[in-house]
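Count residues from 1 along the sequence. Predicted model only: the values in this text are computed from it and were never measured. Start at 1 and go down the list; that is how both ligands and their atoms are numbered.
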Amino acid sequence: MKRIYLSPPHLSGLEARFLLEALESGWIAPLGPQVEAFEREFADVVGAKYALAVSSGTAAIHLALIHIGVRPGDEVVVSTLTFAASAFPVLYLGARPVFIDSEPTSWNMDPGLLEEFLRRRAQVGRLPRAVVLVHLYGQSADIDPIRALCQEYGVSLIEDAAEALGSTYKGKSPGTFGLAGIFSFNGNKIITTSGGGMLVSDQEEVIAHARKLATQAREPVPWYEHREVGYNYRMSNLLAALGRAQLRTLEERVEKRRRIFQRYVEELADFPGISFQLEAPWGRHTRWLTVMTIEPELFGATVEEVRRALEVENIEARPVWKPLHLQPVFRDCEKIGGAVAESLFAKGLCLPSGSSLTESDQVRIIEIVKSLCKSI
Ligand SMILES: *Cc1c(COP(=O)(O)O)cnc(C)c1O
């Protein structure tokens, strides 16, 4: 039986043409006309003024934090329910993440907890340097109150929209509300360049500085002159061609993933103990991943039992992100709350949601889940 993956790369058919065009132009190099075109087109799609194509979403977060001036000993607030890459760049800079719990509506950062934390820290004169706000599984966080708090306390807001391309918050794309936003084109994301990322901002100097840092921090003089530490973080021209082809199919991808979600709900939501991540009232959820929660006493099987039953049939399902405040690598970091994220980790299962998933494969997945219900 062919393996069904959680979210495999999905080719649109346009890739070969774009790649060939890039190859024939002779630009087999980092940078080049495809990179510039991808940056422009991507900025248009998300509604940002400026964009910088880089080698990964993680690199984009790193560059944003360097630009802000995060230094050893600083603190950076990060959502706890996320992939570790949201917080690793904080450690690259010798700074410390402070993890904030989710609110139950969107599963993203709880603005009330952030407010409490910032108020407490303002009183002792120890405000964090930045907030990294994650938009999880294709759903925007409640950005307005978080942005207002960041403004009030003078803390920079970076949005990790790696999983949220195509979603909206009050009609606009997440990633465009803070000082900078990041996106990922890793193989499992809604569009892919096989590996890559984008940094966006409405402030020209953010992108100009990040662009310089990402190309080994060369100064604009004829000889090689460096006044800052540089990185080799730029996207290659060939991969940008892939990205341009993929970007053209974004709307279809979102529609397809939302239909997949709808079918899971129609077939499974009436089973006792089964629920799904809600769509928050403030915008469109892309359903990059469909996430189901299971109350084992009601349903009759645990998340791990369901996951294993699918694995036996060569179907990949994954628990919800393990909260970062529970990760050994972050054990010395402060956490604010944590019970909501811990409960989502205990009960949540991500189901195969790729835009190339066929109806018959999805029916097979649904039948396996149904067969595990012991209460009816
Ligand atoms: C995928 C992901 C990243 C990292 O992106 P890469 O391109 O793989 O470096 C960061 N944050 C979140 C929430 C992600 O899902």
Side-chain angles (χ1 to χ4, degrees), residues 5-9 38 42 46 51-66 76-92 97 99-100 102 106-109 130-141 143 157-167 169 173-175 178 180-200 210 214 231-236 239-240 242-243 246-247 257 277 285-291 318-325 327 329-330 341 344-345 348 350 353-354:
Y5 290 96
L6 201 61
S7 180
F38 187 35
F42 190 88
V46 300
L52 172 72
V54 289
S55 52
S56 70
T58 311
I61 300 173
H62 192 195
L63 292 170
L65 295 176
I66 298 169
V76 175
V77 171
V78 185
S79 312
T80 194
L81 190 63
T82 183
F83 183 41
S86 303
F88 278 151
V90 177
L91 299 188
Y92 301 166
F99 295 115
I100 299 219
S102 305
S106 72
W107 300 9
N108 288 307
M109 187 183 289
V131 169
V132 176
L133 173 63
V134 180
H135 305 296
L136 208 62
Y137 296 130
Q139 170 148 282
S140 169
I143 301 170
L157 176 61
I158 305 297
E159 291 177 76
D160 178 349
E163 301 176 4
L165 179 59
S167 69
Y169 179 75
S173 173
I182 76 99
F183 295 86
S184 166
F185 312 121
N186 193 34
N188 61 346
K189 298 290 156 59
I190 198 155
I191 66 165
T192 183
T193 57
S194 75
M198 195 72 82
L199 179 70
V200 303
Y231 300 84
N232 184 2
Y233 275 172
R234 292 309 310 272
M235 179 180 281
S236 90
L239 298 189
L242 268 181
Q246 290 260 307
L247 190 59
R257 288 194 192 241
Q277 186 188 20
H285 194 320
T286 63
R287 303 299 177 184
W288 170 61
L289 293 184
T290 288
V291 193
R318 292 261 182 118
V320 162
W321 298 123
K322 181 173 178 176
L324 298 188
H325 71 266
Q327 297 286 2
V329 69
F330 296 117
L344 291 169
F345 173 55
C350 303
S353 309

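Using a 4.0 Å heavy-atom cutoff, H135 is absent from the residues neighbouring ligand 1. Look at G195 and you'll find every heavy atom at least 4.0 Å from all atoms of ligand 1. At least one heavy atom of S86 sits closer than 4.0 Å to an atom of ligand 1.
For atom 1 (C) of ligand 1, the nearest protein heavy atom (residue, atom name, distance) is K189 NZ, 1.5 Å. In terms of protein heavy-atom proximity, atom 10 (C) of ligand 1 is nearest to D160 OD2, 3.6 Å. The protein heavy atom nearest to atom 9 (O) of ligand 1 is T58 OG1, 2.5 Å. Protein heavy atom nearest atom 15 (O) of ligand 1, with residue, atom name and distance: E163 OE2, 2.6 Å.
Listed by number with element, the atoms of ligand 1 under 4.0 Å from a non-hydrogen atom of N186 are 8 (O). Set against the non-hydrogen atoms of A85, the atoms of ligand 1 under 4.0 Å away are 3 (C), 4 (C), 10 (C). Listed by atom number, the atoms of ligand 1 under 4.0 Å from G196 heavy atoms are 7 (O). Counting atoms of ligand 1 from 1 in the listed order, those under 4.0 Å from a heavy atom of T82 are 13 (C). Atom numbering of ligand 1 starts at 1 in the shown order; those under 4.0 Å from a heavy atom of A162 are 2 (C), 3 (C), 10 (C), 11 (N), 12 (C), 14 (C). Counting the atoms of ligand 1 from 1 in the order shown, those under 4.0 Å from a heavy atom of G57 are 5 (O), 6 (P), 7 (O), 9 (O).
For Q139, the side chain to side chain donor-acceptor pair (under 3.5 Å) criterion is met by no residue, not counting sequence neighbours. Remark: T82 pairs with S86 by the side chain to side chain donor-acceptor pair (under 3.5 Å) rule, at least two apart or across chains.
Close placement of the F42 and F185 rings is indicated, their centers lying within 6.0 Å of each other. Checked against the 6.0 Å centroid criterion, the rings of H62 and Y231 qualify as a close aromatic pair. Not less than 6.0 angstrom separates the ring centroid of F88 from the ring centroid of F83.
Of the inter-residue distances, the one linking L289 atom CG with L6 atom CG reads 5.0 Å to the nearest 0.5 angstrom.
In this structure the side chain of F330 reaches within 4.5 angstrom of the side chain of P97, judged on heavy atoms.
For a threshold of 3.5 Å applied to N or O pairs, the pair formed by W321 and ligand 1 contains no separation below that value.
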